[in-house]
Amino acid sequence: SQQGEEDPQALSIQEGENATMNCSYKTSINNLQWYRQNSGRGLVHLILIRSNEREKHSGRLRVTLDTSKKSSSLLITASRAADTASYFCASSGNTPLVFGKGTRLSVIA
Amino acid sequence: DAGVIQSPRHEVTEMGQEVTLRCKPISGHDYLFWYRQTMMRGLELLIYFNNNVPIDDSGMPEDRFSAKMPNASFSTLKIQPSEPRDSAVYFCASSPREGQGWGYTFGSGTRLTVV
């Protein structure tokens, strides 16, 4: 199975702090994607990093990818209460996206 | 575009009843996916379609589950008969391409409770 694993399972931080979530996957990939899910809602695509890229930025988001270690990290800088959600990584090979179980982020105002 | 539209948002049914979940993908998206989300198993891919044709249904748990896509703007996921262990949130997602770096757009999901 390609299923990834996010680490930690849950993270609680103060508003303004940075949040780092990690993801590991098992097989070769074409790209890796990160999604956010607010409680009771569907997943929202945040950012995609291709297998030949090492780092990518989008606003307050920074994603890194290490294909030799089959791992990725998502950094959210200057977190806000509105960032409270579950965050999932999803790996894409030649099959549909395989999702990890997510990191539950709580940002306390 | 209104995004991926799923109905109903919530469904409560009795064990043994037939349940039909509906999905309207984003116009122009060639791929449609059905996922199921539970606390224990996370997000699981059930089946996906390309240009209305089922490509891989190996994730469908049992013969009680079936999915159709009669045209590019509509798909259904049917459970007959339903069982309590089918209780979960079912998501439909669509994508313009697969394997070429496109993200998925998810619907808001259908929360199914089988009692």
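Sequence lines set the chain letters: A, B, ... in the order given, protein chains first and strands last, and positions in each chain run from 1.
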Q. Does atom CZ of B:Arg64 have more than 12 heavy-atom neighbours, drawn from other residues, nucleotides or ligands, at distances under 6.0 Å?
A. yes
Q | Over all atoms of both residues, closest heavy-atom pair of B:Tyr104 and A:Tyr35 | A | N-OH, 2.9 Å
Q: Could you tell me whether A:Gln14 atom CD has more than 12 heavy atoms of other residues or ligands within 6.0 Å of it?
A: yes
Q) What part of B:Gln6 gets closer than 4.5 Å to chain A, counting heavy atoms only: side chain, backbone, both or neither? A) neither
Q: With a 4.5 Å cut-off on heavy-atom pairs, point out which of B:Arg9, B:Gln37, B:Arg111 contacts chain A the most.
A: B:Gln37
Q | Side-chain heavy-atom pair A:Pro96, B:Tyr31 within 4.5 angstrom cut-off | A | no
Q) A:Leu11, A:Ile76: one ILVMFWY side-chain cluster at the under-4.5 Å cut-off? A) yes
(Q) More than 12 heavy atoms of other residues, nucleotides or ligands under 6.0 Å from NZ of A:Lys56: yes or no? (A) yes
**Q.** Heavy atoms of other groups near A:Arg54 CZ, more than 12 under 6.0 Å
**A.** yes
Q) What parts of residues 75-83 of chain B touch chain A if we use heavy atoms and a cut-off under 4.5 Å? A) none
Q | Derivation and outcome, side chain to side chain contact (heavy atoms under 4.5 Å, CB included), residues A:Lys101 and B:Met39 | A | CA-CA 8 Å; A:Lys101 291 190 176 180; B:Met39 288 295 293; over 6 Å; no
Q) In this structure, are over 12 heavy atoms from other groups packed under 6.0 Å from A:Arg41 atom CZ? A) no
Q. In terms of hydrophobic clusters joined by side-chain contacts under 4.5 Å, are B:Leu112 and B:Leu46 together?
A. yes
Q: Report, as yes or no, whether the 6.0 Å neighbourhood of atom CG on A:Asn52 holds more than 12 heavy atoms from other residues, nucleotides or ligands.
A: yes
Q. Looking only at heavy atoms, which two atoms of A:Gly42 and B:Phe91 are closest? And how far apart?
A. CA-CE2, 3.4 Å
Q. Under 6.0 Å from the CD atom of A:Glu15, do we count more than 12 heavy atoms belonging to anything else shown?
A. yes
Q.
According to a hydrophobic-cluster definition based on side-chain heavy atoms being under 4.5 Å apart (Ile, Leu, Val, Met, Phe, Trp, Tyr only), do B:Tyr90 and B:Phe33 belong together?
A. no
Q.
Assess the residue pair A:Phe99 and B:Leu45 against the criterion (side chain to side chain contact (heavy atoms under 4.5 Å, CB included)); give the C-alpha distance rounded to whole Å, side-chain angles, the decisive distance to 0.1 Å, and a yes or no.
A. CA-CA 9 Å; A:Phe99 289 84; B:Leu45 177 68; over 6 Å; no
(Q) Quick one, B:Leu43 with A:Leu43, criterion side chain to side chain contact (heavy atoms under 4.5 Å, CB included). Give me CA distance, side-chain angles, the key distance, then yes/no. (A) CA-CA 11 Å; B:Leu43 273 157; A:Leu43 281 75; 3.6 Å; yes
